Number of protein chains: 2
Amino acid sequence: MKKSSEEILKSSALSLTAGRKTILDIFLSSPNALAHQDIETICKEKYDRVTIYRTLQTFLEKGIIHTIPSSDNITRYALCNDDCIVTGHHHDNHVHFTCDTCGKTICLDETEVPSVHLPKGFRAHQINMIVSGVCKSCA
Amino acid sequence: MKKSSEEILKSSALSLTAGRKTILDIFLSSPNALAHQDIETICKEKYDRVTIYRTLQTFLEKGIIHTIPSSDNITRYALCNDDCIVTGHHHDNHVHFTCDTCGKTICLDETEVPSVHLPKGFRAHQINMIVSGVCKSCA
DNA sequence: AACATTTTGCAACAAAGTTGCATTCTTTCT
DNA sequence: AGAAAGAATGCAACTTTGTTGCAAAATGTT
């Protein structure tokens with residue numbers, strides 16, 4: 001059961017402003033990860049660039065969204081699932097999939113991150129997996 | 001047995017210029033991945049920013065270096081091992097490790113990338129794994 | 001050594017992200 | 001409900017990062 005944007009903001013102790021609600025709703029209704037640019041395109045008429053930057057920053061700090069590692073130098077954000085938010089320290093052991101055809105990036109929440117055997121002396125804290133290829137819709 | 005910068009440039013059919021050699025030597029002597037900024041800091045007195053950008057771009061195209069996905073929006077580059085270069089199409093199924101303490105990123109060439117079970121309809125082409133935690137030196 | 005071809009540096013530009021400050025909006029308290 | 005305190009927003013200016021065109025310099029080829 002998905003929380004509403006109001007509920008999420010309230011439970012993160014954030015004041016409920018029109019901008020935050022709008023941006024959060026965009027995430028809630030988007031199946032794929034979003035870059036700053038995507039959000040700016042959607043609501044640049046209504047909100048300032050700087051506001052979007054600051055809102056994303058705030059959401060990150062509160063663990064509402066997380067960043068997805070990528071090689072193309074574009075920071076993409078996606079909603080965290082409840083597990084991330086509830087637990088005290090935040091870990092996003094997600095598998096992310098980037099489609100080479102449509103360019104979209106999605107979180108494969110259901111897919112379990114396999115464990116890696118690291119060399120001696122290394123301790124893993126967070127594991128990120130980015131798989132690229134052809135997605136379901138583009139197959 | 002490590003190739004010299006001259007050998008690498010020659011086998012990639014690149015003309016041997018002082019700039020390329022310098023930058024390649026920086027990679028050869030660095031145990032960790034480097035961002036454009038790192039290289040600029042080392043040799044900004046000698047080479048122009050633009051030259052560094054173009055050199056990195058050239059190395060990428062020739063498969064001499066590869067980019068490492070990251071969440072922090074900084075493109076980092078590392079040398080490819082010979083396997084990457086030899087095979088026709090280049091795939092960097094590496095495990096990369098970023099240390100939360102010293103901030104350095106290294107390629108774990110020895111570590112095998114585990115296979116993932118993707119949802120139905122998804123086809124994987126390249127798999128990247130980024131592990132963060134505490135590295136050997138900082139343990 | 002002289003030619004054709006690449007590479008480099010410079011300047012100018014474009015895009016991405018940050019900071020300070022005054023104004024406006026939320027929330028809280030009575 | 002209204003006022004005060006605190007937080008968020010918009011604007012302007014700025015920094016950083018990356019790109020492009022072009023003339024000058026360096027490379028390698030004969």
Side-chain angles (χ1 to χ4, degrees), chain A residues 4-27 33-62 64-77 103 105, chain B residues 4-27 33-62 64-77 103 105:
Chain A
S4 71
S5 49
E6 281 95 342
E7 286 172 321
I8 295 173
L9 289 172
K10 190 176 284 181
S11 64
S12 296
L14 291 174
S15 49
L16 178 61
T17 67
R20 286 179 179 163
K21 192 172 145 19
T22 303
I23 293 175
L24 195 41
D25 280 330
I26 292 171
F27 276 107
L34 299 165
H36 168 94
Q37 181 63 59
D38 299 323
I39 296 167
E40 200 177 314
T41 306
I42 297 173
C43 57
K44 66 166 160 251
E45 308 297 326
K46 297 178 76 176
Y47 302 105
D48 194 77
R49 243 161 44 84
V50 177
T51 301
I52 298 173
Y53 277 114
R54 289 197 267 227
T55 302
L56 290 173
Q57 194 55 42
T58 304
F59 286 178
L60 257 190
E61 282 160 12
K62 292 290 180 177
I64 298 171
I65 57 176
H66 62 269
T67 58
I68 298 171
S70 78
S71 302
D72 64 2
N73 211 13
I74 295 172
T75 312
R76 263 172 276 263
Y77 305 87
T105 298
Chain B
S4 71
S5 49
E6 282 95 341
E7 286 172 321
I8 295 173
L9 289 172
K10 189 174 286 182
S11 63
S12 297
L14 291 174
S15 49
L16 178 60
T17 68
R20 285 177 179 165
K21 191 172 143 21
T22 303
I23 293 175
L24 195 42
D25 280 330
I26 293 171
F27 276 108
L34 299 165
H36 169 93
Q37 180 63 59
D38 300 324
I39 296 167
E40 200 177 313
T41 306
I42 298 174
C43 57
K44 65 166 161 250
E45 308 297 327
K46 299 178 75 177
Y47 303 105
D48 193 78
R49 245 159 43 83
V50 177
T51 301
I52 299 173
Y53 276 113
R54 289 197 267 228
T55 302
L56 291 173
Q57 193 55 42
T58 304
F59 286 178
L60 257 189
E61 281 159 14
K62 292 290 182 179
I64 298 172
I65 57 177
H66 63 270
T67 58
I68 298 170
S70 77
S71 303
D72 64 3
N73 211 14
I74 295 172
T75 311
R76 264 173 276 263
Y77 305 87
T105 297

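Every chain is numbered from 1 and lettered A, B, ... according to where its sequence line falls, protein lines coming before strand lines. Please read all numbers here as calculations on a predicted model, not as lab measurements.
Across the protein-nucleic acid pair, B/E45 atom CD and C/dT8 atom C1' stand 17 Å apart, rounded to whole Å. Nucleotide C/dT7 holds its C1' atom 16 Å from the NZ atom of B/K46, rounded to whole Å. Computed from coordinates, the A/Q37 CD to C/dA15 P distance equals 9 Å when rounded to whole Å. Counting to the nearest Å, the P atom of C/dC25 and the CG atom of A/L9 are 18 Å from each other.
Taking 4.0 angstrom as the limit, A/T17 places none of its side-chain polar atoms (N or O) nearer than this to OP1 or OP2 of C/dC25. Residue B/R54 places no side-chain N or O under 4.0 Å from the OP1 or OP2 atom of C/dT7.
The nearest pair of heavy atoms linking A/R76 to A/A33 is CB-CB, 4.1 Å.
Distances from the side chain of B/T55 to the nucleotides C/dT18, C/dT7, C/dT8 place C/dT8 closest. The side chain of A/L16 approaches C/dT27 more closely than any other nucleotide in the set C/dT27, C/dT7, C/dG9.
Bounding nucleotides for the chain B contact on DNA chain D, 5' to 3', at a heavy-atom distance below 4.0 Å, are D/dT17 to D/dG28.
One cannot find a donor-acceptor pair under 3.5 Å joining the base of C/dG9 and the side-chain atoms of B/R49.
Residue B/K10 is out of contact with every strand shown, counting any heavy-atom pair closer than 4.0 Å.
Terminal axes of the helix from C/dA1-D/dT30 to C/dT30-D/dA1 (five pairs each, C1' rotation axis) are separated by 40°, to the nearest 10°.
Judged purely by distance below 3.5 Å, without hydrogens or angles, the side chains of B/S15 and B/R20 pair a donor atom with an acceptor atom.
A/F27 and A/Y77 have perpendicular rings, their planes meeting at more than 60° on a 0 to 90° scale where under 30° would count as parallel.
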Intermediate values then yes/no, side chain to side chain contact (heavy atoms under 4.5 Å, CB included), A/Q37 and A/I74: CA-CA 9 Å; A/Q37 181 63 59; A/I74 295 172; over 6 Å; no

